[in-house]
Student: 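Could you have a look at this structure, given as structure tokens, before my questions?
Given the structure is predicted, the values throughout are model-derived calculations rather than measurements.
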There are 2 protein chains.
Amino acid sequence: MSKRKIRNMAEFATVSGISRPTVSKYFNDPGSVRETIRARIEAALEQHDYRPNIYAMNQNRRLTKNIGIVVPYLADPFFAEIARRIERRCIDAGFSPTLFSAHGSPDLETGILDSLRSLKPAGVFLAPLGRASDRAQVESFCRDVPTVLFDSNLDGIGDVFVGHDNLQAVGLIIDYLCRTGAPPCFFEMPPLNPNANKRREAYHRAMERLGHTPQVIRVPGDSWEFESIGYRGGLEVIDSGQLATNTVLCSNDRLAVGFLAAAYERRLRVGHGPDCALRVAGHDDHPFSRFTCPPLTTVAQDYDSIADQSAEILFRQIEDGSRAETRQDVLFEGKLIMRSSA
Amino acid sequence: MSKRKIRNMAEFATVSGISRPTVSKYFNDPGSVRETIRARIEAALEQHDYRPNIYAMNQNRRLTKNIGIVVPYLADPFFAEIARRIERRCIDAGFSPTLFSAHGSPDLETGILDSLRSLKPAGVFLAPLGRASDRAQVESFCRDVPTVLFDSNLDGIGDVFVGHDNLQAVGLIIDYLCRTGAPPCFFEMPPLNPNANKRREAYHRAMERLGHTPQVIRVPGDSWEFESIGYRGGLEVIDSGQLATNTVLCSNDRLAVGFLAAAYERRLRVGHGPDCALRVAGHDDHPFSRFTCPPLTTVAQDYDSIADQSAEILFRQIEDGSRAETRQDVLFEGKLIMRSSA
DNA sequence: ATCAAAATTTTACGCGCGTCAAAAATCAAG
DNA sequence: CTTGATTTTTGACGCGCGTAAAATTTTGAT
């Protein structure tokens, strides 16, 4: 290493004996400078460990390498996981992702979108809060910045939506549940986003199609602490004898985790065996669902495809600088994950 | 709203009839400009919706409002939760936090520290990877930027460490376990960070103190998928009859969740009742531990105090611009959380 | 109305880097 | 050793804003 630290690109250009614009060119694309020059720069780089200031870089660039990733609630393992995958793909593609969580708050969400404008991102992955989102803000943001909406669809907003085929997925698991036992009731909380609504609708449709009468059980709750809501609601539902069937399809896995805890507390054995009192199924296959007791039968979202496709679409859009003409919806099918809870 | 968008502070200064430096002053601290001026600026603000570019703001400032938060693995609910709390405290204190996850990779960690230098943060909350961290990099970073280390201590590095008193906490739960049943064995994986080592040591000490012979069971695993490691290791341990006791103290809750799943699969009833075959306890009280089946008995880390103190210490350090003379360790006691698993 | 204190404006420069045009250097062929 | 094409250098400006010093205005109290 060298004696004193390099403070900026000009200093580094001096010590490496190359002009600053050329050094700048190198950092933008090492392949764009001549072999001999590149070697000299890289030699100097080993001597002096200098890195361009990424925020200054993006100050006056036509196209930055910044990518924003926005999720509604990062402490939710589902979003933590999907964000992790998207982040990795950004890094692999040479972008600098920055992760934001709205922590369930609409104000924070619009605040994040404002910060993002300052970042001048080349593109953004946005999983909006859903119902609570400030539609106007999101819409205006999507007009200004190439944005891929994922997970939660806001119709008419943005160029592309990549998500989960709730209709198919719910149909799939209901089919399975009905073939293997009693038709399920649907256990949900007040919907925070369109997925919840779509799932309920899909439940109705599937039950109708199969000739069963639907039973929707909605329990109260308005936070992102789904396990807690499922637990409390589960206790209430069990104790009041509201269950018309022994099979419970939960709107999502976290709710199911709470319900399982309630069933356990009430000593109801959950599973598909003959000695079980209750079958419980979830939706999403979130990262810890295979470790519940019993392991949770559920429909998996196709994490990989959603992350891959979102990334691919956004990166392509960034490359050719074109905004899509028509809005595009990309949905991936859910996969049935048969475990022992149902 | 106005006809055309304001592109920068100069334009906004023009339309509001105030000089740019004063406008700048206003955005730095609205209270620092005269009443009438503030009113005029705020009037213009309602007309034109302009926001300063936060990254340009921090370009040439003596002290920025940026705060970095770095955690080793964000998909771990513990870190998601603690990060969420710290983030909120930053926002409440008027800072702009940016969240980074090393995703378990040392390279990413040092990459993050490099990006952070570009951000010129006023301060950083850093929960290092631990063993895998590039010590030299972290040390150099801490010298340049006011940093509060939390969760994982790297001795001698940084000015302050805020964390959990593993010695006390492990002693506490072992006391409890021994008073209520058989002395526990200690179930762990190869340690990723100092906490794991401290907990094992504390286990040894406590067992010694109480006159019991310790049994440490280490299962293989080197990823951050603790549940999976605990599950696989749990199956192995149960099947091979390695358990010399019916009480298992896991190194952390996530490992315990995996162990619970293994026990369930092997039809071992877990709990402290007379009809139970096994007692299982964890450590951390991570957000979902109360929803396991059975609910997990554990020692809680004091999330709130850790987040509060970390924040308070860093903010104070930022305010008076002083670096601590002597290194300071702040530890918070664990609380015993008695649930039904042990 | 008078005057000192406080605030604002003017003017100018800096942060770290992107980018562009023109001039100079380097390169691959011939 | 030319010639023409490609790169690099030079010089200059821009991004959006912070900051500092001096000149000017406003304020509030006398």
Side-chain angles (χ1 to χ4, degrees), chain A residues 5-42 44-45 48-66 96 114-122 144, chain B residues 5-42 44-45 48-66 96 114-122 144:
Chain A
K5 273 231 162 175
I6 306 296
R7 322 195 120 279
N8 55 37
M9 192 178 280
E11 278 188 28
F12 177 74
T14 306
V15 300
S16 57
I18 314 275
S19 75
R20 191 179 65 76
T22 304
V23 171
S24 168
K25 201 156 172 254
Y26 167 84
F27 279 109
N28 267 316
D29 175 11
S32 70
V33 304
R34 209 185 296 141
E35 187 74 36
T36 62
I37 301 280
R38 194 187 331 162
R40 284 166 62 193
I41 292 182
E42 274 157 10
L45 222 40
H48 297 275
D49 107 294
Y50 154 78
R51 302 201 160 199
N53 182 310
I54 55 176
Y55 299 94
M57 278 179 48
N58 294 322
Q59 192 77 24
N60 189 25
R61 213 178 198 158
R62 24 180 82 267
L63 195 58
T64 74
K65 285 290 191 179
N66 291 333
S96 309
D114 276 323
S115 299
L116 270 175
R117 288 179 199 269
S118 301
L119 240 191
K120 301 186 179 177
D144 298 347
Chain B
K5 273 228 164 177
I6 306 296
R7 324 194 119 276
N8 56 38
M9 193 178 280
E11 277 188 29
F12 178 74
T14 305
V15 301
S16 55
I18 315 275
S19 75
R20 191 178 65 74
T22 303
V23 172
S24 168
K25 201 155 170 254
Y26 168 84
F27 280 110
N28 268 316
D29 175 10
S32 70
V33 302
R34 208 186 297 141
E35 187 75 37
T36 63
I37 301 281
R38 193 186 333 161
R40 282 166 63 192
I41 292 182
E42 274 157 10
L45 222 38
H48 296 276
D49 108 293
Y50 155 78
R51 300 202 161 200
N53 182 310
I54 56 175
Y55 299 94
M57 278 178 48
N58 294 322
Q59 192 77 26
N60 189 26
R61 212 178 199 160
R62 28 180 78 265
L63 197 59
T64 73
K65 284 291 192 180
N66 292 333
S96 310
D114 275 322
S115 299
L116 270 176
R117 288 179 199 270
S118 299
L119 239 192
K120 303 186 177 177
D144 298 347

Student: If you look at every strand shown and take non-hydrogen atoms under 4.0 Å, does Tyr26(B) touch a base, only sugar-phosphate, or nothing?
Tutor: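 The answer is nothing, as Tyr26(B) stays clear of every strand by at least 4.0 Å.
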Student: For Thr14(B), what residues pass the side chain to side chain donor-acceptor pair (under 3.5 Å) criterion, not counting sequence neighbours?
Tutor: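 Result, side chain to side chain donor-acceptor pair (under 3.5 Å) vs Thr14(B): none returned.
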Student: Round to the nearest Å and state the distance from Asn66(A) atom CG to dC17(C) atom C1'.
Tutor: 14 Å
Student: Name the nucleic acid region contacted by Phe12(A), choosing base, sugar-phosphate or nothing; use a 4.0 angstrom heavy-atom cut-off, strictly under.
Tutor: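 Nothing: the residue Phe12(A), judged by heavy atoms under 4.0 Å, touches no strand.
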Student: Would Phe12(A) and Arg20(A) count as a side-chain contact (heavy atoms from CB on, under 4.5 Å) if you check the C-alpha gap in whole Å, the side-chain angles of each, and the deciding distance to 0.1 Å?
Tutor: CA-CA 8 Å; Phe12(A) 177 74; Arg20(A) 191 179 65 76; over 6 Å; no
Student: If the condition is ring-ring contact (aromatic ring centres under 6.0 Å, His included), which residues does Tyr26(B) pass it with, not counting sequence neighbours?
Tutor: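 Here no residue qualifies.
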Student: What residues, two or more places apart in sequence or in another chain, satisfy side chain to side chain contact (heavy atoms under 4.5 Å, CB included) together with Asn58(A)?
Tutor: Arg61(A), Thr64(A), Asn66(A)
Student: Using heavy atoms to find the nearest nucleotide of DNA chain C for Arg20(B) and Asn53(A) separately, return the residue whose nucleotide is more 5′.
Tutor: Arg20(B)
Student: What is the 5' to 3' range of DNA chain D, first to last nucleotide, that sits under 4.0 Å from any heavy atom of chain A?
Tutor: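 Under 4.0 Å from chain A, the extent on DNA chain D is dT7(D) to dG16(D).
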Student: Return the set of residues passing side chain to side chain donor-acceptor pair (under 3.5 Å) with Asn8(A) (not counting sequence neighbours), or none when no residue passes.
Tutor: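 If we apply the side chain to side chain donor-acceptor pair (under 3.5 Å) test to Asn8(A), skipping adjacent residues, there are no hits.
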Student: In this structure, how many angstroms lie between the C1' atom of dG14(C) and the CG atom of Asn8(A), rounded?
Tutor: 11 Å
Student: Test: salt bridge (Lys or Arg N to Asp or Glu O under 4.0 Å). Region: residues 26-36 of chain B. Which pairs qualify, not counting sequence neighbours?
Tutor: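 Applying salt bridge (Lys or Arg N to Asp or Glu O under 4.0 Å) to every pair that reaches into residues 26-36 of chain B, excluding sequence neighbours, yields Glu35(B)-Arg38(B).
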Student: Please list, for nucleotides 24-27 of chain C, all pairs of protein and nucleotide N/O atoms separated by less than 3.5 Å.
Tutor:
{"residue": "dT26(C)", "atom": "O3'", "partner": "Arg34(A)", "partner atom": "NH1", "Å": "3.3"}

Student: OP1, OP2 of dT10(C) versus side-chain N and O of Ser19(B): anything below 4.0 Å?
Tutor: no
Student: Is the ring pair Tyr50(B)/Phe27(B) parallel, tilted or perpendicular, if the boundaries are 30 and 60 degrees?
Tutor: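 Perpendicular, since the angle between the ring planes exceeds 60°.
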Student: Test of understanding: with salt bridge (Lys or Arg N to Asp or Glu O under 4.0 Å), list the residues that count as partners of Arg51(B), not counting sequence neighbours.
Tutor: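 For Arg51(B) the salt bridge (Lys or Arg N to Asp or Glu O under 4.0 Å) partners, ignoring immediate neighbours, are Asp114(A).
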Student: Take the protein atom CG of Asn60(B) and the nucleotide atom C1' of dA12(C), then report the distance between them rounded to whole Å.
Tutor: 13 Å
Student: What is the distance from CG of Asn58(B) to C1' of dC17(C), rounded to the nearest Å?
Tutor: 16 Å
Student: Could you check how far OH of Tyr55(B) sits from P of dC17(C), rounded to whole Å?
Tutor: 17 Å
Student: Got a sec, which residues hit salt bridge (Lys or Arg N to Asp or Glu O under 4.0 Å) with Arg40(B), two or more places apart in sequence or on another chain?
Tutor: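 For Arg40(B), no residue satisfies salt bridge (Lys or Arg N to Asp or Glu O under 4.0 Å) once neighbours in sequence are set aside.
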